[in-house]
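Report on the structure given below.
Quantities reported herein were computed from a predicted structural model and do not represent experimental measurements. We use all heavy atoms of the structure for the numbers below, so side chains are in, but hydrogens, waters and symmetry mates are not.
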Amino acid sequence: MKHPLDKFAYCPVCGAKTFLQHNEKAKKCTACGFVYYFNPSAAVACFIRNKKGELLLVRRAKEPAKGTLDLPGGFVDLHETAEDAACREVKEETGLTITNCKYLFSLPNIYPYCGFDVHTVDMFFECHVDNFELAFAEDDAAEIIILSPEKLNPDDFGLCSIKKGVDRYIHFCK
């Protein structure tokens with residue numbers, strides 16, 4: 001496996017091209033001594049349920065895994081809690097305002113973005129809304145899909161951590 005910082009050749013502090021592998025998750029500048037530790041980015045994925053117990057899913061509008069099922073979610077922004085990110089991402093992708101947001105579990109992931117592997121910690125939440133009547137596909141979502149939980153199939157999801165998360169959720173709900 002490539003070093004997670006293999007594309008980073010220059011020191012972000014002094015700009016020298018002496019930014020070399022220090023260990024499996026860090027690079028060190030031999031000119032100024034700066035060590036950069038590459039830690040995962042935070043991301044959220046949301047199981048959205050209505051009062052009937054149905055789940056709202058989305059179909060991915062963009063690569064990676066364009067056209068496959070997904071959970072609304074995305075990266076946590078600077079100065080934002082994971083819960084705030086869940087609320088924002090659900091609003092951006094579905095137009096819905098969630099009423100309750102409960103943390104479930106997390107999974108490590110590697111998200112391919114523009115030829116760069118972004119290591120993430122995906123935090124899964126169960127979110128609630130009254131109904132899905134006002135839901136619409138927006139932002140990264142191409143389509144809204146509504147399913148009963150028993151019809152969830154991890155193989156319908158294109159991203160590895162989401163597949164694993166759906167599988168875990170299915171067993172969590174039993």
Practice problem: Report yes if the side chains of Glu126 and Tyr169 come closer than 4.5 Å at any heavy-atom pair, otherwise no. | Solution: yes

Quiz item: Would Leu57 end up clustered with Leu107 when hydrophobic side chains under 4.5 Å apart are linked, directly or stepwise?
Solution: yes

Quiz item: Backbone N or O of Lys91 within a donor-acceptor pair of the Thr94 side chain at under 3.5 Å?
Solution: no

Quiz item: What residues form a ring-ring contact (aromatic ring centres under 6.0 Å, His included) with Phe124, not counting sequence neighbours?
Solution: Phe105

Quiz prompt | Heavy atoms from other residues, nucleotides or ligands near CD of Glu133 exceed 12 (cutoff 6.0 Å) | solution = no

Exercise. Calculate, to the nearest 0.5 Å, the distance between atoms NZ and CD belonging to Lys2 and Gln21 respectively.
Key: 13.0 Å

Quiz item: Which value, rounded to the nearest 0.5 Å, describes the distance between Leu71 atom CG and Glu93 atom CD?
Solution: 9.5 Å

Quiz item: Between atom NE2 of His22 and atom SG of Cys29, what is the distance when rounded to the nearest 0.5 Å?
Solution: 12.5 Å

Under 3.5 Å, which donor-acceptor pairs link side chains of residues 78-86 to any protein atom two or more places apart or in another chain?
residue : atom : partner : partner atom : Å
Glu80   : OE1  : Asp77   : N            : 2.8
Glu80   : OE1  : Arg88   : NE           : 3.4
Glu80   : OE1  : Arg88   : NH2          : 2.9
Glu80   : OE2  : Arg88   : NE           : 2.7
Thr81   : OG1  : Asp84   : N            : 2.9
Thr81   : OG1  : Asp84   : OD2          : 3.2

Practice problem: Verify whether one side chain among Lys51 and Asn131 offers a donor that lies under 3.5 Å from an acceptor in the other. | Solution: no

Quiz item: In the hydrophobic cluster built from side-chain contacts under 4.5 Å, what are the other members alongside Leu96?
Solution: Ile48, Leu56, Val58, Val90, Ile98, Val129, Phe132, Ile144, Ile146

Quiz item: Any sub-3.5 Å donor-acceptor pair from Thr99's side-chain atoms to His128's backbone N or O?
Solution: yes

Show me the donor-acceptor pairs, under 3.5 Å and distance only, between side chains in residues 156-166 and residues at least two apart or in other chains.
residue : atom : partner : partner atom : Å
Ser161  : OG   : Asn109  : ND2          : 3.3
Ser161  : OG   : Asp122  : OD2          : 2.4
Lys163  : NZ   : Phe157  : O            : 3.2

Quiz item: Quick one: does Lys27's side chain have a donor or acceptor within less than 3.5 Å of a partner on Phe8's backbone?
Solution: yes

Self-check item: Separation of Ile170 CD1 from Asn153 CG (nearest 0.5 Å)
Solution: 7.0 Å

Self-check item: Contacts of Tyr103 that satisfy ring-ring contact (aromatic ring centres under 6.0 Å, His included) - sequence neighbours left out
Solution: Phe125

Quiz item: Quick one: does His3's side chain have a donor or acceptor within less than 3.5 Å of a partner on Ala26's backbone?
Solution: yes

Quiz item: What orientation do Phe116 and Phe38 show, parallel under 30°, tilted 30 to 60°, or perpendicular over 60°?
Solution: perpendicular

Quiz prompt | Nearest-0.5 Å distance that lies between atom CG in Asn50 and atom SG in Cys127 | solution = 13.0 Å

Exercise. Not counting sequence neighbours, list each pair that qualifies as a side chain to side chain donor-acceptor pair (under 3.5 Å) and has a residue in residues 55-65.
Key: Arg59-Glu143, Arg60-Asp70, Arg60-Tyr111, Lys62-Asp140

Quiz item: Under 4.5 Å between any side-chain heavy atoms of Phe34 and Pro12, yes or no?
Solution: yes

Quiz prompt | SG-CD distance between Cys46 and Glu89, expressed to the nearest 0.5 angstrom | solution = 8.0 Å

